[in-house]
Amino acid sequence: MNFNNGNDNNKNNSKYVRAVRGGKYSLLSFRSVYEAYLDCRRRKRGTVNALRFEFDLLNRLTALALDLQKGTYQPSRSVCFIVRSPKFREIFASDFRDRIVHHLVVRELEKYWEPRFIFDSYACRKDKGIHAAVKRLQGFMLKATFSGKKTAYFLQLDIRSFFMSIDKYILFSIFQDSGVPDVMGDLLQRIIFHDCTQNYYFRGDRRMMAQIPPHKSLFKVGADKGLPIGNLTSQFFANVYLNELLHRLLCGLAGRGGRR
């Protein structure tokens, strides 16, 4: 099997596997699924789910590609657990198979959204992150204060329970308005509106659930609200969701002549 194009290069072997192509949409080709798998395994290869998936890798990747192409893909059961550092948080970890799909989706969406994100958006983006954000902030501080010679002010804002407050219908409408292909729209709909609280395995001490405030739990916010913390798609969707607000704020400043 040629992983670059999905072709079978061993015609004399009676046990060869059928090549899986994406047809009109290369997004769903075997090659795309395989590349997403390579991205996914970089940090998860030592986990039990990853090892179980790799035990029958070719057949599992082929089956996943076929499910995506036929539109029969459905998210699998998640693992729910509680972390306590720095505070109690509810985490839903997707199955390794679903993580591959998440990488597949984000890889495609980044082509459209990365050029549209403002420069000073640093969460979960390539060549960004907290260190780049701090360095950028320090530069602004020196500029605004004339290297510490003048008083300057800043405004710090926080969205209360941001991930849990995201409206799934608003999020999905943002992608629809961006003109994503139908095949991507169907996949996004399945991921965004999947209710992981209906199919999960809890790992750890269930009594810790009582430490999670209602407004920070997917079990309490309602089926049409909230994204599971811990998924690559949730992190990317959060950037897309906030991008609308950031552009409106910047347009508002520009409309006022950039006054501070």
Side-chain angles (χ1 to χ4, degrees), residues 33-34 36-61 63-65 67-68 72-107 123-124 129-130 158-168 171 187-241:
V33 174
Y34 178 69
Y37 154 74
L38 293 179
D39 286 343
C40 184
R41 76 173 185 175
R42 286 174 183 169
R43 295 183 180 180
K44 299 294 180 181
R45 198 167 192 182
T47 64
V48 174
N49 280 341
L51 293 173
R52 185 182 296 115
F53 189 91
E54 291 182 337
F55 182 76
D56 192 17
L57 179 61
L58 188 57
N59 285 331
R60 291 181 184 273
L61 287 178
L64 178 57
D67 281 345
L68 291 169
T72 57
Y73 164 78
Q74 293 292 342
S76 308
R77 183 176 69 165
S78 299
V79 176
C80 178
F81 58 94
I82 307 299
V83 296
R84 292 184 287 183
S85 179
K87 54 186 178 182
F88 282 89
R89 291 191 302 166
E90 172 189 283
I91 306 295
F92 278 91
S94 294
D95 187 73
F96 187 79
R97 182 176 188 266
D98 296 322
R99 290 177 181 271
I100 295 175
V101 177
H102 295 172
H103 278 270
L104 185 76
V105 169
V106 171
R107 280 165 58 96
C124 305
I130 189 170
D158 182 42
I159 299 178
R160 184 173 183 262
S161 304
F162 173 56
F163 276 89
M164 298 300 136
S165 65
I166 290 177
D167 186 296
K168 294 183 178 182
L171 174 63
L187 197 49
L188 284 170
Q189 187 174 29
R190 292 173 187 269
I191 294 173
I192 292 173
F193 291 99
H194 172 65
D195 186 356
C196 55
T197 66
Q198 299 300 309
N199 185 19
Y200 70 96
Y201 164 76
F202 189 85
R203 188 178 68 199
D205 187 352
R206 277 188 174 273
R207 292 174 295 181
M208 294 175 61
M209 294 288 292
Q211 303 293 328
I212 307 295
H215 62 278
K216 291 184 177 294
S217 173
L218 288 178
F219 291 99
K220 304 293 179 60
V221 297
D224 298 332
K225 291 288 184 68
L227 297 178
I229 297 176
N231 286 348
L232 176 65
T233 46
S234 296
Q235 298 167 356
F236 185 81
F237 292 165
N239 281 345
V240 171
Y241 201 81

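This is a predicted model, so every value here is computed, not measured.
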**Report entry** Note, H215 side chain near M164 side chain (heavy atom, < 4.5 Å)
**Finding:** no
Requested in this report: Please tell me if the side chains of F96 and Y37 come closer than 4.5 Å, counting only heavy atoms from C-beta onward.
Outcome: yes
Query raised in the report: Is there a side-chain contact between V106 and T233 (heavy atoms, below 4.5 Å)?
Result: yes
**Report entry** Heavy-atom closest contact (F92 atom, N231 atom, distance)
**Finding:** O-OD1, 3.5 Å
Requested in this report: Verify, without hydrogens or angle tests, whether S161 (side chain) and K216 (backbone) share a donor-acceptor contact under 3.5 angstrom.
Outcome: no
Report task. Measure the spacing between CD1 of I191 and CD of Q74 and express it to the nearest 0.5 Å. Result -> 11.0 Å
Query raised in the report: Any idea which heavy atoms bring H194 and K168 closest together, and the distance?
Result: O-NZ, 3.6 Å
Report task. Output yes when R207 and D205 qualify as a salt bridge under the 4.0 Å nitrogen-oxygen rule, no when they do not. Result -> yes
Query - Note, F236 side chain near V105 side chain (heavy atom, < 4.5 Å) - result: no
Report task. Quick one: closest heavy-atom pair of C80 and E90, and the distance? Result -> SG-CG, 4.3 Å
Query raised in the report: Side chains of R84 and Q211: closer than 4.5 Å at any heavy-atom pair?
Result: no
Report task. Could you tell me the separation between the CG atom of L104 and the OH atom of Y34, rounded to the nearest 0.5 Å? Result -> 15.0 Å
Query raised in the report: Judged by atom type as modelled, is there a donor-acceptor pair below 3.5 Å linking the side chain of K225 to the main-chain atoms of K220?
Result: no
Requested in this report: Would you check if the side chain of R99 reaches a backbone N or O of S94 as a donor-acceptor pair within less than 3.5 Å?
Outcome: yes
Query raised in the report: Is any side-chain heavy atom of L218 less than 4.5 Å from a side-chain heavy atom of F163?
Result: no
Query raised in the report: Of all heavy-atom pairs between F202 and M209, which one has the smallest distance, and what is that distance?
Result: CE1-SD, 3.5 Å
Report task. Using atom types as modelled and distance alone, determine if a side-chain donor or acceptor of D95 lies under 3.5 Å from a backbone N or O of R97. Result -> yes
**Report entry** Side chain proximity check, Q235 to L227, heavy atoms < 4.5 angstrom
**Finding:** no
Requested in this report: Quick one: pull up CZ in F88 and CD1 in I82 and give me the separation to the nearest 0.5 Å.
Outcome: 8.5 Å
Report summary line: Value for CZ (R52) from CZ (R60), rounded to nearest 0.5 Å, stands at 8.0 Å
Query - side-chain contact (heavy atoms from CB on, under 4.5 Å) partner of C40, chosen from L232, D98, I100 - result: I100
Report summary line: Here the gap from R89 atom CZ to I229 atom CD1, rounded to the nearest 0.5 Å, amounts to 5.5 Å
Query raised in the report: What are the two closest non-hydrogen atoms of A123 and N239, and how far apart are they?
Result: O-ND2, 2.8 Å
Query - Reported CD1-to-CG distance for the pair I192 and L171, which is rounded to 0.5 angstrom - result: 4.0 Å
Query raised in the report: Considering all heavy atoms of both residues, which atom of I212 and which atom of S217 are nearest to each other, and what is their separation?
Result: CG2-CB, 3.9 Å
Requested in this report: Indicate, with yes or no, if the rings of F81 and Y200 have centres closer together than 6.0 Å.
Outcome: no
Query - Mutual orientation of the aromatic rings belonging to Y241 and F162 [parallel < 30°, tilted 30-60°, perpendicular > 60°] - result: tilted
